[in-house]
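Worksheet: one structure, shown below.
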Number of protein chains: 2
Amino acid sequence: MATMHDVARLAQVSVSTVSYVLTGTRPISQATRNKVLAAMAQLEYQPNAMARGLASRRSRILGLLMPMDERGLGATETAFVTGAAAAASVAGYHLVLSPVGGGDLDDLRRLASQRMLDGVVLMEVQLADERVTVLQEAGVPLVLIGRTGDTSTLSYVDIDFDQTVREAVAHLVGLGHRRIVYVNHSAATLASGYGPALRTRDAFTAAMTGHGLEPVMIAAEDSAAGGRAALAAAFAQAPELTAVLAMNETAIFGILGELTGRGLSVPDDVSVVSMVTSPQVAELATPALTAMTSPGSALGRIAIEALTRHLDGPADLRHQQLLPCTLEIRGSTAQPRSRHPLGADQ
Amino acid sequence: MATMHDVARLAQVSVSTVSYVLTGTRPISQATRNKVLAAMAQLEYQPNAMARGLASRRSRILGLLMPMDERGLGATETAFVTGAAAAASVAGYHLVLSPVGGGDLDDLRRLASQRMLDGVVLMEVQLADERVTVLQEAGVPLVLIGRTGDTSTLSYVDIDFDQTVREAVAHLVGLGHRRIVYVNHSAATLASGYGPALRTRDAFTAAMTGHGLEPVMIAAEDSAAGGRAALAAAFAQAPELTAVLAMNETAIFGILGELTGRGLSVPDDVSVVSMVTSPQVAELATPALTAMTSPGSALGRIAIEALTRHLDGPADLRHQQLLPCTLEIRGSTAQPRSRHPLGADQ
DNA sequence: GTGAAAGCGCTAACAC
DNA sequence: GTGTTAGCGCTTTCAC
């Protein structure tokens with residue numbers, strides 16, 4: 001493996017000249033630049049990443065920190081990861097995937113102090129997330145996918161849950177639905193301060209109230225069984241429901257199964273809208289699900305871009321951005337079979 | 001950020017002594033070790049990863065190379081990634097996720113020559129995969145998830161497709177099915193030399209022939225529509241089919257939808273078995289799919305373990321291992337409604 | 001059992 | 001516009 005010295009010797013210049021043609025941090029005459037480039041090509045020279053990192057104090061490695069919990073990544077989270085990986089690659093960075101659970105604060109501190117990561121993207125952020133503090137204390141540049149409760153000082157990209165819920169509800173209301181039930185994540189998830197669950201809950205309440213309708217929310221476990229149970233609970237609480245809006249991607253298939261099991265047809269008897277969903281998953285259902293398509297890989301990409309801009313750029317600009325999910329109408333929504341006049345219960 | 005020198009000064013020993021208590025590559029008296037440890041704790045010392053990497057010529061970073069094609073990762077591939085990430089973390093390595101397409105051979109060469117990666121796990125291996133050659137030439141230790149055509153000299157872990165298909169067929173035949181159609185990936189995928197598609201095709205033929213049955217295979221595009229089309233083709237080629245075995249996880253939901261659309265019930269009219277599937281996906285269907293559950297994260301884990309063993313261990317032992325998928329019987333298989341006596345064609 | 005010192009392969013002052 | 005050289009923070013001979 002050729003080193004910079006070899007290149008310098010062959011090109012008959014000094015090492016620093018070689019270094020400067022590589023980094024471009026000072027003007028080099030075209031003649032010597034060509035000599036150097038030729039020598040590099042001839043020797044198939046590739047700079048040693050570790051040496052470069054040590055000397056420059058920049059590893060050109062970014063971290064993607066994801067809590068590795070139970071059931072692995074869903075399609076949406078996977079899209080974050082692949083989007084981030086692709087963007088990092090484009091920006092000339094490497095991306096390391098670090099599974100750091102919420103409990104491993106010491107691991108995180110260690111990771112942050114190793115000076116291996118130039119910056120970090122944090123996934124699955126909680127409203128109160130100690131990892132943010134640890135990272136900030138260690139002085140590691142940080143971009144969140146998601147938001148903490150207080151975001152005044154942080155860079156983040158997140159889904160615009162307000163807007164997403166508003167659009168979903170508007171779609172259903174526009175079709176004539178009045179009795180809409182929102183199936184959220186589990187009560188435990190809500191209690192743990194999981195931002196998406198809390199924000200969508202509030203947004204749903206606001207949206208329904210805004211339409212003069214009563215918001216009914218059910219918390220469902222992340223499973224098909226959870227979905228079935230949720231539907232039963234939904235009918236108990238709102239017997240005349242004509243539409244279900246579901247945040248819980250896993251539960252939604254249970255809901256569909258249970259609907260069929262009860263002899264109800266989608267969308268004729270009940271319309272179903274899936275929130276924050278990937279097209280691939282939406283297409284799995286029969287009928288294919290009308291869904292709010294999550295900006296999955298875009299979120300990962302934007303987070304990385306904000307981070308690299310921060311690292312390569314001059315100032316410490318904050319980047320705060322919300323992206324809505326986009327409504328994609330498929331086969332699971334339609335007008336309710338029987339319209340009830342406004343305000344006419346039962 | 002404290003350095004080794006700081007620790008040495010505080011502990012009143014030489015830097016080399018500090019280094020040796022860290023690496024354990026030479027005996028240190030209990031007394032001095034304690035002094036050093038105390039100093040490290042007091043200064044919250046963390047070794048600098050770049051400096052260590054440069055001096056030791058080992059970065060303790062592994063690469064996970066995945067071709068970033070169109071539709072992103074499926075649940076099975078995602079499990080490889082998360083399994084690998086977790087295992088790397090346990091082994092004290094970092095894992096960088098490198099999207100290197102089949103076309104980016106030069107990118108790969110560059111990556112391999114940077115000396116940033118101690119070793120590499122290659123995903124989505126083709127039967128003839130040039131990336132393997134590039135990596136071998138660059139002298140980067142390598143483990144495959146999947147197999148090339150000639151594996152004599154390589155380390156790999158892969159799914160045991162033979163056994164998986166054999167078990168799936170045995171399950172259906174055991175239930176009394178005689179007319180079984182295999183829905184594979186698309187013709188294009190087969191033509192491209194995608195190992196799993198080719199191996200399962202051959203295994204299906206062998207398994208069916210072994211039971212004295214006629215193998216019928218349909219190639220399906222990776223989409224719900226592809227699944228619908230495949231089912232139509234299947235009925236055209238084998239009108240009395242009673243069971244479908246499907247490799248194509250995406251198509252299978254289209255198949256289920258089309259079955260329902262034709263007024264056929266699963267499993268009463270047609271049994272369905274999904275191959276190389278994650279439980280999460282199998283549970284989405286109604287009825288939940290009887291499936292050959294892929295050893296997803298185990299494959300990622302074993303690949304990383306083999307790689308680290310190779311790197312940390314002495315010899316250059318090859319690791320070659322096949323893991324079968326395990327049959328999980330759920331609701332989509334049952335005895336065929338009407339048994340046909342052996343050989344009695346409609 | 002411990003220390004001194006020579007690198008590892010670069011970057012970035014500081015010279016001219 | 002180019003060269004010299006002092007680090008970057010470790011590991012690892014070599015010496016005792």
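Below, chains carry the letters A, B, ... as their sequence lines are ordered, and counting in each starts from 1. Please read these numbers as outputs of a predicted model, since none were measured by experiment.
Residue-environment remark: CD (Glu130(B)) stays at or below the threshold of 12 foreign heavy atoms within 6.0 Å. No more than 12 heavy-atom neighbours from other residues, nucleotides or ligands sit within 6.0 angstrom of CD on Glu44(B).
Distance CE (Met50(A)) to P (dT11(D)): 14 Å, rounded to an integer number of Å. Going from atom CG of Asp6(B) over to atom P of dC10(D) covers 9 Å, rounded to whole Å. Atom CZ of Arg58(B) is separated from atom P of dC10(D) by 18 Å (rounded to the nearest Å). The nearest whole Å value for the distance from the NE2 atom in His5(A) to the P atom in dG3(D) is 13 Å. Counting to the nearest Å, the C1' atom of dG1(D) and the CD atom of Gln12(A) are 17 Å from each other. Taking atom CZ of Arg60(B) as the reference point, atom P of dC10(D) lies 16 Å away to the nearest angstrom. Distance, Met116(A) CE to dG9(D) P: 15 Å, rounded to whole Å.
Mapping Tyr20(B) and Asn48(B) onto DNA chain D by nearest heavy atom places Asn48(B) at the nucleotide closer to the 5' end. In terms of position on DNA chain C, the residue among Leu22(A) and Arg26(A) whose nearest nucleotide sits closer to the 5' end is Leu22(A).
An end-to-end axis angle of 30° holds for the helix from dG1(C)-dC16(D) to dC16(C)-dG1(D), taken from five base pairs per end and rounded to 10°.
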Full working for side chain to side chain donor-acceptor pair (under 3.5 Å) between Ser14(A) and Thr17(A): CA-CA 5 Å; Ser14(A) 71; Thr17(A) 298; 3.2 Å; yes

Candidate pair Gln320(A) and Val157(A), rule side chain to side chain contact (heavy atoms under 4.5 Å, CB included), full reasoning: CA-CA 6 Å; Gln320(A) 307 193 150; Val157(A) 288; over 6 Å; no

Stepwise side chain to side chain donor-acceptor pair (under 3.5 Å) check, Thr32(B) with Ser29(B): CA-CA 6 Å; Thr32(B) 55; Ser29(B) 76; 3.0 Å; yes

Side chain to side chain contact (heavy atoms under 4.5 Å, CB included) assessment of His94(A) paired with Met116(B): CA-CA 10 Å; His94(A) 300 271; Met116(B) 164 164 282; 3.4 Å; yes

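Ion pair Arg110(B)/Asp104(B) not flagged as a salt bridge, since none of the NZ, NE, NH1 or NH2 atoms sits closer than 4.0 Å to an Asp/Glu carboxylate oxygen.
With 3.5 Å as the limit, one finds a donor-acceptor pair spanning the side chains of Asp118(B) and Ser59(B). Judged purely by distance below 3.5 Å, without hydrogens or angles, the side chains of Ser16(B) and Ser19(B) never pair a donor atom with an acceptor atom.
Thr25(A) comes within 4.0 angstrom of no nucleic acid atom, judged by non-hydrogen atoms across all strands. Counting non-hydrogen atoms under 4.0 angstrom, Ser16(B) reaches a base of the nucleic acid. Nucleic acid contact class of Thr23(B) (heavy atoms, under 4.0 Å, all strands): sugar-phosphate only. Within the 4.0 angstrom heavy-atom criterion, only backbone atoms of the sugar-phosphate kind lie near Arg57(A); the bases stay farther away. Using a 4.0 Å heavy-atom distance criterion, Ser19(B) is classed as a base contact.
A donor-acceptor distance shorter than 3.5 angstrom exists from the side chain of Ser155(A) to the backbone of His319(A), with no hydrogens or angles considered.
Set against dT2(D), dG1(D), dT11(D), the side chain of Pro27(A) has dG1(D) as its closest nucleotide.
On the nucleic acid side, DNA chain C contacts chain B at distances under 4.0 Å to non-hydrogen atoms, with the end points of that region at dG1(C) to dG9(C).
OP1 or OP2 of dC10(D) has at least one side-chain nitrogen or oxygen of Tyr45(B) nearer than 4.0 Å. Contact between the side-chain N/O atoms of Thr3(B) and the OP1/OP2 oxygens of dG9(D) is not found at any separation under 4.0 Å.
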